[in-house]
Protein chains: 2
Amino acid sequence: MSIDLTRSAIERAMELAIEAANHGARGANPLVGAALVDPEGDVVALGYHRGAGSPHAEYSVLEASGLLDGTHGSRKAQGFPALGAARGPEDLTLISTLEPCRHHGRQPACTEVIAAAGVTRVVFGTADPTLSAGGGSSVLSGQGISVMGGVLEPQARDLNWRWERARHEDRPFVTVHLAQSLDARIAAADGTSQWITGTASRVHTHRVRQRIDAILVGTNTVEVDDPKLTARDETGAVVDHQPLRCVMGRRQIREEAQLKQGHAEGDGWLQLRTRDPRAALAELAEVVHDGYPVRHVLVEGGQSVLSAFFAEDLVDEVFVYHAPMLLGGDRHSLGDIGVATLDQAHHFRLDPAEDGPVSILGDDVCLHLAPAQPPRSGSDAPTSYPHPAQ
Amino acid sequence: MSIDLTRSAIERAMELAIEAANHGARGANPLVGAALVDPEGDVVALGYHRGAGSPHAEYSVLEASGLLDGTHGSRKAQGFPALGAARGPEDLTLISTLEPCRHHGRQPACTEVIAAAGVTRVVFGTADPTLSAGGGSSVLSGQGISVMGGVLEPQARDLNWRWERARHEDRPFVTVHLAQSLDARIAAADGTSQWITGTASRVHTHRVRQRIDAILVGTNTVEVDDPKLTARDETGAVVDHQPLRCVMGRRQIREEAQLKQGHAEGDGWLQLRTRDPRAALAELAEVVHDGYPVRHVLVEGGQSVLSAFFAEDLVDEVFVYHAPMLLGGDRHSLGDIGVATLDQAHHFRLDPAEDGPVSILGDDVCLHLAPAQPPRSGSDAPTSYPHPAQ
């Protein structure tokens with residue numbers, strides 16, 4: 001191929017792009033990082049995708065480098081020296097952890113952006129596994145752009161293995177909030193629970209609520225806590241984008257429940273009349289909210305709903321907010337999750353994405369976790385997914 | 001008084017001394033920090049007490065500055081510039097968070113060390129509340145050394161409020177280890193529990209075991225887990241100093257229990273035949289192990305012993321090791337701790353001491369906590385403790 005950088009320069013740049021990708025937030029979209037590399041092999045700019053509704057990583061790095069409006073070289077991008085004025089896009093290689101997309105969504109197609117920027121060489125880590133978006137590399141090749149895929153493919157792919165699984169299973173990406181005491185209780189013996197975590201944790205919770213498509217609790221939580229399930233800013237004001245408020249379970253929800261806000265079902269809220277989390281997600285995957293399909297759902301409680309999602313291995317991301325208190329008693333955050341013996345434990349790993357694995361939020365400590373990836377073999381090996389570019 | 005530094009210079013130095021104190025480890029001794037201040041008000045050296053068996057903070061800072069062997073000015077102390085050669089000890093003010101002790105223990109008396117160093121001005125934060133050690137300031141004054149106490153007294157005292165309470169109650173300082181899953185389970189449903197936490201957490205546990213006087217578990221833990229209760233180094237080798245191995249409860253311990261190591265009771269291990277943690281601590285406080293009284297005990301489990309200590313508010317320090325897994329089921333780290341409603345929750349705060357409030361240990365996250373200090377009023381106001389210097 002016509003990319004004349006050394007393999008090690010390309011891999012170094014890909015490592016930086018992977019690191020950059022981890023600054024993004026998980027959810028409806030995969031984590032993606034991108035880098036621009038000059039002919040000497042130096043990374044001159046880095047970008048990443050912040051999450052659904054934000055520019056793609058490729059757009060970010062090209063835009064930050066002034067390659068999209070002809071001002072290249074005039075701005076410093078994320079701590080790297082400004083591009084030398086003599087450097088045109090034709091001298092640069094674009095590195096992306098994921099195959100550039102070819103589809104228009106809320107953002108322009110990366111293939112078009114790359115062509116418009118005038119970049120002539122593209123290297124990516126892992127192929128785009130989505131049918132609607134995949135195939136970007138052939139679009140680029142067809143336009144005379146040199147493309148090479150598969151660089152640090154396992155690492156690039158690990159970034160989003162749970163996202164990929166959710167897509168493969170045709171279900172929304174699932175984030176869970178556990179707000180609990182140090183001994184994993186969500187209420188005192190008499191049921192009092194307001195508030196266990198502090199203000200900073202609740203601000204964080206509402207930040208996550210602002211970027212999701214739907215929020216889900218069980219009928220029991222509605223009965224006991226009567227939550228509003230709104231997304232609010234730091235001042236407590238309800239923000240513009242509100243997630244679809246969902247209740248899971250067969251029990252009738254009373255008319256005055258706050259989450260209804262006086263609206264009929266389907267108007268901002270809905271009930272998923274099942275106790276099976278897989279069925280609930282399948283139903284949600286068909287729903288359009290605010291003009292977009294539900295691709296990211298936040299599950300907030302209570303014990304039986306959360307336990308069911310964990311038991312079925314349907315949780316892709318977890319925030320555990322630990323309040324520095326002990327409660328004892330029997331109001332546990334989780335009940336039975338189908339683990340009879342230690343070998344069956346559900347394993348997670350500290351998630352470096354977004355703000356990293358540990359945040360001190362006021363008096364609380366928030367752990368950010370993702371399911372640990374099982375060793376690859378047989379049925380869940382990469383080849384079982386569509387890989388249009390390989 | 002004859003200390004001619006400004007109040008703000010003294011308080012700045014005291015703040016640094018308090019910060020330094022927090023590098024020490026909690027246990028049999030209080031956290032203490034010390035600073036040396038030159039006539040311009042600049043802090044030229046800082047020291048702290050690392051824990052029982054280590055030099056006192058005052059000794060550390062004087063020794064590091066070469067004031068104890070006549071080489072002052074020749075060494076750099078902890079990132080501060082070396083003392084100017086022209087500066088003698090008579091130009092310096094020693095700041096300590098705690099009134100210097102006047103008693104010989106495993107370490108020389110600070111009053112003697114200060115006099116030997118030739119320092120003529122001493123400022124301290126809070127009076128030494130122990131009867132055997134208190135009164136250092138009058139010893140110093142009697143030797144013609146200027147002494148001022150009570151600088152940032154509340155902050156200096158907060159460092160050790162639980163240590164002070166333990167001394168006041170004539171009981172050992174109590175550290176607790178909780179090694180649990182994210183959902184606060186210590187075993188799977190069938191009882192399997194080896195290992196929940198990883199190697200790095202266990203290394204940390206053994207580091208704590210190396211500095212305590214006694215380690216305590218319940219009879220049920222001995223029955224089920226049959227632990228050795230030894231302190232081992234990173235290679236797994238048993239270290240020289242071993243804590244007294246204690247079992248609490250009335251149940252007979254079987255002859256082959258590993259913690260006995262073939263020895264008769266009293267020879268390295270003992271049973272505290274009570275279910276009352278206060279009675280157990282009272283008994284322990286009378287015991288001499290390895291030539292020293294038991295002043296620091298580590299409680300490691302299981303559920304009923306830990307719950308009893310928390311219920312009685314007898315825990316002065318907690319390390320919670322969170323393994324990144326979920327287990328569900330009913331093997332909880334804690335049971336009932338006497339909290340009926342949220343207002344009765346046991347509150348803790350993140351502990352800045354030693355390695356700080358949060359450590360990532362391999363795949364695990366360790367939270368370090370201390371009981372939150374209740375607002376001072378009435379019966380537990382400072383005046384209820386002996387304050388020899390005020």
Side-chain angles (χ1 to χ4, degrees), chain A residues 178 180-185 187-196 303 306-307 310-311 315 318 320 322-351 356-360 362-365 367-372, chain B residues 178 180-185 187-196 303 306-307 310-311 315 318 320 322-351 356-360 362-365 367-372:
Chain A
L178 290 176
Q180 59 185 32
S181 62
L182 295 168
D183 53 344
R185 266 64 169 191
D190 66 351
T192 46
S193 65
Q194 271 188 336
W195 299 98
I196 288 181
Q303 196 210 66
L306 290 169
S307 302
F310 280 114
V315 179
V318 190
V320 188
H322 280 109
M325 66 170 75
L326 293 172
L327 291 170
D330 55 7
R331 308 274 186 149
H332 307 283
S333 59
L334 296 180
D336 182 19
I337 56 168
V339 176
T341 188
L342 196 57
D343 289 344
Q344 299 168 347
H346 295 260
H347 289 275
F348 293 79
R349 61 168 185 183
L350 296 171
D351 191 344
V358 180
S359 304
I360 295 182
D363 296 329
D364 304 335
V365 177
L367 304 190
H368 183 205
L369 302 122
Chain B
L178 290 176
Q180 59 186 33
S181 61
L182 295 168
D183 53 344
R185 267 62 169 192
D190 67 350
T192 45
S193 65
Q194 274 187 332
W195 300 99
I196 288 181
Q303 198 210 64
L306 290 169
S307 301
F310 280 115
V315 178
V318 190
V320 188
H322 280 109
M325 65 170 77
L326 292 172
L327 291 170
D330 55 8
R331 307 275 185 148
H332 307 283
S333 60
L334 296 180
D336 181 19
I337 55 168
V339 176
T341 188
L342 197 58
D343 288 345
Q344 300 168 347
H346 294 260
H347 289 276
F348 293 79
R349 61 169 184 183
L350 295 171
D351 191 344
V358 180
S359 304
I360 296 182
D363 297 328
D364 304 335
V365 176
L367 304 190
H368 183 204
L369 302 122

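Worth knowing before you read on, the calculation uses all heavy atoms, side chains too, and leaves out hydrogens, waters and symmetry mates. Lettering of chains follows the sequences in order, A, B, ..., and the numbering in each one begins at 1.
- A distance of 10.5 Å separates CG of D363(A) from CZ of R349(B), quoted to the nearest 0.5 Å.
- Residues P324(A) and L369(B) come closest through the heavy atom pair CB-CD2, 3.9 Å.
- The shortest side-chain heavy-atom distance between I360(A) and P357(B) falls under the 4.5 Å cut-off.
- The contact between S193(A) and chain B is made entirely by backbone atoms, counting heavy-atom distances below 4.5 Å.
- Listed here is the closest heavy atom pair of V339(B) and A189(A): O-CB, 3.8 Å.
- In this structure, the portion of A340(A) lying under 4.5 Å from any heavy atom of chain B is its backbone and not its side chain.
- Neither the backbone nor the side chain of Q344(A) comes within contact range of chain B; no heavy atom of the residue lies under 4.5 Å from a heavy atom of that chain.
- Among the candidates L367(A), D343(A), V320(A), the residue making the largest number of heavy-atom pairs closer than 4.5 Å to chain B is L367(A).
- For a residue to count as touching a neighbouring chain, one of its non-hydrogen atoms must lie under 4.5 Å from one of that chain's; by this rule S307(A) does not touch chain B.
- Proximity to chain B (any heavy atom under 4.5 Å) is shown, for L326(A), by both the backbone and the side chain.
- Most heavy-atom pairs under 4.5 Å with chain B: of the set H347(A), Q180(A), H332(A), this distinction falls to H332(A).
- With a 4.5 angstrom heavy-atom cutoff, L327(B) touches chain A via backbone and side-chain atoms both.
- Contact tally against chain A (heavy-atom pairs below 4.5 Å) for V318(B), D183(B), D364(B), L178(B): the top residue is D183(B).
- Both the backbone and the side chain of L182(B) have a heavy atom closer than 4.5 Å to some heavy atom of chain A.
- Residue P371(A) does not touch chain B at all, counting heavy-atom pairs closer than 4.5 Å.
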(request) Show your reasoning for whether side chain to side chain contact (heavy atoms under 4.5 Å, CB included) applies to L342(A) and M325(B). (result) CA-CA 10 Å; L342(A) 196 57; M325(B) 65 170 77; 4.1 Å; yes
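- Among A323(A), A311(A), G328(A), S181(A), the residue making the largest number of heavy-atom pairs under 4.5 Å with chain B is G328(A).
- When I196(A), D336(A), L334(A), T341(A) are compared by the number of non-hydrogen pairs under 4.5 Å with chain B, T341(A) comes out ahead.
- Ranked by heavy-atom pairs under 4.5 Å with chain A, the first of S333(B), A372(B), A187(B), G335(B) is G335(B).
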